[in-house]
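Reminder, nothing fancy here: chain letters follow the sequence lines and each chain counts from 1.
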Amino acid sequence: MLDRKFILQNLPAVKQNCLDRGVSCELDRLVELEQQRKAADTEAQEFNRQANEVAKSIGAVKDPEQRAAVVEQGRSLRSHKDAAQRKVDELEVEIIAIQRTIPNMAHPAAPRGADDLANCEVARGKHAPRTFDFPVKDHLQLGSEKGWIDFEGGARTTGQGFYFLAGELVLLDLAIQQMAIEYLMQRGFIPTITPDLARADILEGIGFMPRGPETQVYSVEQTDLCLIGTAEITLGGLYAGQTLEAESLPLRLCGISHCYRTEAGAAGRASRGLYRVHQFTKVEMFVFCLPEQSDALHEELRDIECELFDLLEIPYRVVDTATGDLGGPAYRKYDLEAWMPGRGQQGEWGEVTSTSNCTDYQSRRLNVRYKEKDVKGTHFVHTLNGTAFALSRALIAVLENHQQADGSVQIPAALQPYLRRTKIG
RNA sequence: GGAGAGAUGGCAGAGUGGUCUAUUGCACCGGCUUGCUAAGCCGGAGUGGGGUUUUCCUCACCGCAGGUUCGAAUCCUGUUCUCUCCGCCA
């Protein structure tokens, strides 16, 4: 959510940003409603001030008749105030509804464009795509041959899009998680395991829309809880309503959680096997920081993602996401796309991580502030998030890139200490 | 899951419907006084919104959310967290 004053003072820039992002917002309506709200608010405040004055004076009035008259006056002022306040509240609801639809401003260097076609490749990983001297299998073939991935079993217990991981692939999954956590701890991240559910208002604060027909979010009946689609939600919500000390920033957290996505409207999209599933495990990074730190930290998160995939010896490219593809909260976003030899006809790039600088967009909604010692006032922190590993897609990349002619999979050196094997299968 | 007790400013801690502003102490900041130190005296100090424009004014905030009342830290309802006890469980 953008600051309301900022919107009013920078209306042309905000409008242009909506155009860049392909979002239509009722900005003129917001301006008009805000004017009305301010007028009603001033009125309500004035009635309230008078009513307070009268109420304070009543204690001193001893004569019963006079007292009754003053009480009546107070009652009347209070009801005028209530009427004006109701108007304020109604307008406020309408304004907030519009305000929440306005996307974050975009980084000046973010590519302008309507969709992912405008995304801009900015870097490549250390490792180039392999040339295979045998027929390449995709992860599903490898997985079903070795009994590692069972979608039929997942469908029987749970439904389409769910799966069991089995056998040595479980060890690979856990090894990747451990490697990531160990690496992140050395980089100053506090490791956590977060709840897999969160309240709907936290999801909304992070920028998800938990209700509605298009929602990507599973809700739990008869509660206000939702299954999280990423630990960004729980990590970002961790300090909702809190004021952090400036010296404690930047605060780097990482968290393991399960992630649940309905993938509404995704049916039919190219998404074989583990690529698009309803549940997966993720190691997520999240940072709370001072405004002047967020650009540099965004580069840091991107570097970490690159290094982690370099450690897995997987080819990837880094993409600077175009304005039309940023979503609501991001100011700038980088995606890593790993080479997946089994995807499409002769291999394709597939998104494996994403890191966003959300500036103060989430912290304003969640009310996460910071305070500097000996300085009056508080400000909103900046928040950033980034994927260390989405295990489902990381597994695709490892299996397909490191497969051998016999269907076994070579384990990259960096994972071997955690897996205690040089290959699986 | 059940019963009880509690939550007040950076900290401690008073405040059971109105008396000028949430008492007081510690810590903090400024000033004054004192031959050092210690102490003393005076004053200031939180967060958020609105107005005014450099000086203030005003409103809201006593875990959170509602309610009663002309008026709520105080009364009522719900809720969260903490502590004690009981039950259950991994």
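The nucleotide G6(B) finds its pairing partner in C81(B), both defining distances of the Watson-Crick or G-U wobble pair being shorter than 3.5 Å. Using the Watson-Crick or G-U wobble rule with both distances under 3.5 Å, A27(B) pairs with nothing in any strand shown. In this entry G17(B) has no Watson-Crick or G-U wobble partner, no candidate having both defining distances under 3.5 Å. In this structure C32(B) sits in a base pair with G40(B), meeting the Watson-Crick or G-U test at under 3.5 Å. Across all strands shown, nothing is found opposite U53(B) as a Watson-Crick or G-U wobble partner with both distances under 3.5 Å. Pair assignment for G71(B) gives none, since no Watson-Crick or G-U wobble pairing has each distance under 3.5 Å. Nucleotide A60(B): paired with U47(B) (Watson-Crick or G-U wobble, both distances less than 3.5 Å).
Between the P atoms of U19(B) and A73(B), the separation comes to 11 Å (whole Å). Spacing between U68(B) and C85(B) at atom C1', rounded to whole Å, works out to 34 Å. Across the P atoms, G71(B) and A60(B) are found 12 Å apart, a figure rounded to whole Å. G30(B) and G46(B): their P atoms are spaced 16 Å apart (whole Å). Between the C1' atoms of G10(B) and C62(B), the separation comes to 16 Å (whole Å). Taking the C1' atom of each, A22(B) and C61(B) are spaced 13 Å apart, rounded to whole Å. Comparing the P positions of C75(B) and G17(B) gives a spacing of 8 Å, expressed to the nearest Å. Of the P atoms belonging to G15(B) and G6(B), the separation is 12 Å, rounded to the nearest Å.
Checked for salt-bridge contact, R302(A) and E305(A) miss the test: no charged N lies under 4.0 Å from a carboxylate O. Salt bridge present: R29(A) and E94(A) bring a charged side-chain N and a carboxylate O closer than 4.0 Å. Salt bridge annotation for D325(A)-R21(A): absent, with no cationic side-chain nitrogen under 4.0 angstrom from a carboxylate oxygen.
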Produce a footprint string for nucleotides 48-76 of chain B: one letter per nucleotide, 5' end first; B if the base is under 4.0 Å from any protein heavy atom, S if only the sugar-phosphate is, - if neither. SBS-------SSS---------BS-----
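Annotation: Y183(A) is not in aromatic contact with F189(A) [ring centroid separation under 6.0 Å not met]. Note: H298(A) and Y331(A) fail the aromatic proximity criterion, with ring centroids not under 6.0 Å apart.
In this structure, R393(A) forms no cation-pi arrangement with F280(A), as its terminal cationic atom is not both closer than 6.0 Å to the ring centre and no more than 45° off the ring axis. Cation-pi geometry between R252(A) and F286(A) is not met: the NZ or CZ atom fails to fall both under 6.0 Å from the ring centre and inside 45° of the normal.
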